[in-house]
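Single-structure report; data block below.
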Amino acid sequence: MKIGRFRIGLQITITFMVLTVVAVALLALYAMISIQISNYTRNGLEQRAAGIARTVSCSPTIRSALSPGGNPAIAQPYAEDVRQANDIQFVVVIDMKGIRLSHPDPSRIGERFIGGDEQPVLRGEETISTATGSLGRSVRAFSPIYGEDGQQIGAVAVGLPIGSIQDAIGQNMGLLYGAILIGGLSGAIGAVLLARRFKQMMFGMEPHEIARVLEERSAMLQSAKEGILAVDRELHITLMNAEAKRMIGETANSPESDFRSLIRMDRVVSAGEPICDLEVETGGAALLVNVVPIHIEGRIEGAMATFRDKTEIVLLSERLSGISLYAEALRAQTHEFMNKLHIIMGLNHMKRYDRLSSYLQEVVPSLQIEAGVVTNQVKDPVMTGFLLGKLSRLRETGVRLTVDEQGILPEAAQPSISRELVTIVGNLLENAIEAPRREGVSKEVYLGFRHQDDRLVIQVRDNGTGISVESLDNMYEQGYSTKGDDRGIGLYLVRRSTERLGGSVWFHRETGEFHGARFTVELPYRTEKEEEP
């Protein structure tokens, strides 16, 4: 709460508001109960006075004093005895003319009753009224007196001073004051404890600080390039930022393709184990997903998924791979060039010019032949650059690469196809290079392309030890590898890229000279020239 330039803390605000509510409630309670107490107390005293008046009116002594031939003087002692016994202000007996037969002040006996409120009782009515008489203002209860023949012969008035009624009300109100005081103290203590608890629940932050944090959180989530999706224990979506809506739209809640089950959020909520780098396809887009459980006070209360378009990651990976391959090729060429340069310097130092001449004639054409075969057979510039970089690494590792001179790889109609081909050929070549060697046999790798009738066949084989029968069923699964941890991604990427292009991949066990592994990939392939019309 803010007053002028001053900001009041949350704890003080809550305490003040709760105290205000408690005060208003206690005031309302006081008003209602005080009225009830006043009414009950007054009514009780009035009924007590009426009961005394009714009792006196039925007394034989009083009837005898008012009866014809009776002694009026006997009314005074009886009335005084009743007044003193009940501790009331007065008991006055009057006849039908309103003349007093009794009075606390004997000198007023025989005088007319004062107040003007005695007329109804002289007509036979029992009444209760407030009037001012010779003893001051008082509450009076009147009751008629009847003779033996049933005729009214007089009346009796019993009075209570107004002050005594107020004193009785005040005594009863004392209990109410005590109850209100206890309630106020309890409300104040409760307000302080409640405000402190609220403060703890909000981690000691003020409302304006919480508002700022929420605004910053919202801005951060909406500006994130990754899609963010959060669910509770029942898998109800609690958070979805703008990027998530753009990438998956309404499919997150679609019963036909439940995105939450697709990325295994139900499994994360139930098991509490995170899922990292999960690749899924939805709405024609490939996503890379990470899902983690949300823990609150040691309990799993939901899960949060972050995902990004795999295409962006692939493009970045290809850029980094291209730079890495380029640097690796330069390093290999530099190393190879330095070796050849040392040989040339040695032959020149020994003045073996004839041997130097023949060496140069052997080296220069072999390099030109390797590069010439690649550039002649592979027309796609992306794949050409990739294979030229691979040649340097193959020479450094002592592996011989043979490119089929009978096949041609024309340039693809779309750049995306070239990127997928680099993924397919690159991973197959890497597997062939890393395949275990057979003893006494130099490592060789064969690469061939066949393009005909808008179909492209790629073949990669090596003369290593091949793939065991036990691994055939699982070799395309992500993470499965016989080479150690953090491997098993190459063949998975090959199959995924092949299926994305609408093709197929097969494995064959080679026999004979190439006693190793052979992979064949067949896929639709339109060239740039075919796409022009």
Side-chain angles (χ1 to χ4, degrees), residues 10 198-321 415-416 419-420 423 478-479 486 489 492-493 496-497 499-500:
L10 176 64
F198 265 105
K199 190 78 171 180
Q200 293 174 352
M201 291 172 61
M202 296 183 177
F203 303 99
M205 300 177 67
E206 295 295 330
H208 66 278
E209 295 175 336
I210 297 174
R212 187 180 67 249
V213 169
L214 289 176
E215 291 175 356
E216 293 173 353
R217 171 180 174 270
S218 177
M220 177 182 64
L221 291 175
Q222 299 304 328
S223 63
K225 290 297 182 181
E226 290 80 11
I228 301 175
L229 179 68
V231 298
D232 57 16
R233 288 183 60 86
E234 286 73 30
L235 299 182
H236 298 148
I237 295 177
T238 58
L239 172 67
M240 179 188 291
N241 68 346
E243 188 66 13
K245 293 179 181 178
R246 184 189 68 81
M247 285 193 286
I248 61 178
E250 299 299 328
T251 59
N253 289 307
S254 174
E256 294 82 9
S257 56
D258 193 348
F259 183 75
R260 292 161 293 181
S261 298
L262 182 64
I263 61 177
R264 306 176 187 175
M265 296 189 82
D266 51 348
R267 186 181 305 178
V268 173
V269 171
S270 60
E273 296 293 333
I275 296 177
C276 300
D277 298 331
L278 175 66
E279 296 185 18
V280 299
E281 292 191 8
T282 177
L287 303 178
L288 190 64
V289 184
N290 290 282
V291 188
V292 296
I294 299 175
H295 294 274
I296 299 178
E297 297 180 354
R299 302 189 307 272
I300 299 177
E301 296 295 340
M304 176 173 289
T306 58
F307 44 90
R308 192 163 187 174
D309 195 338
K310 185 69 164 49
T311 305
E312 299 177 4
I313 301 176
V314 170
L315 290 176
L316 180 61
S317 177
E318 288 175 356
R319 292 176 184 174
L320 295 175
S321 299
S416 60
R419 291 195 295 268
E420 298 291 352
T423 300
Q478 183 179 3
D486 299 328
I489 192 68
Y492 166 76
L493 294 177
R496 196 195 63 182
S497 295
E499 292 176 349
R500 187 175 295 172

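- With rounding to the nearest 0.5 angstrom, the CZ atom of Arg260 is 7.5 Å from the NE2 atom of His236.
- To the nearest 0.5 angstrom, Leu278 atom CG is 8.0 Å from Leu288 atom CG.
- Between the CD atom in Glu226 and the CZ atom in Arg308 there is a gap of 5.0 Å [rounded to 0.5 Å].
- By the 4.5 Å heavy-atom criterion applied to side chains, Val289 and Ile275 are not counted as neighbours.
- Take Arg233 and apply the side chain to side chain contact (heavy atoms under 4.5 Å, CB included) test, not counting sequence neighbours, and it matches Ile300, Glu301.
- For Val291 against Val268, the heavy-atom pair with the smallest separation is CG1-CG2, 3.6 Å.
- To the nearest 0.5 angstrom, Leu229 atom CG is 5.5 Å from Ile263 atom CD1.
- Interatomic distance, CD1 of Ile294 versus CG of Leu239, reported as 8.5 Å (0.5 Å rounding).
- Taking the side-chain hydrogen bond (donor to acceptor under 3.5 Å, both in side chains) definition, one finds that Glu279 meets it with Tyr492, Arg496, sequence neighbours left out.
- Annotation: the span from Glu243 atom CD to Ile228 atom CD1 amounts to 9.5 Å, rounded to 0.5 Å.
- In plain terms, the two heavy atoms of Pro293 and Gly272 that are nearest each other are CG-O, 3.4 Å.
- Closest approach of Met265 and Ala303 over heavy atoms only: CE-O, 3.6 Å.
- For Ala244 against Met240, the heavy-atom pair with the smallest separation is CB-CG, 3.6 Å.
- Here the closest non-hydrogen pair linking Ser261 and Asp266 is OG-OD2, 4.1 Å.
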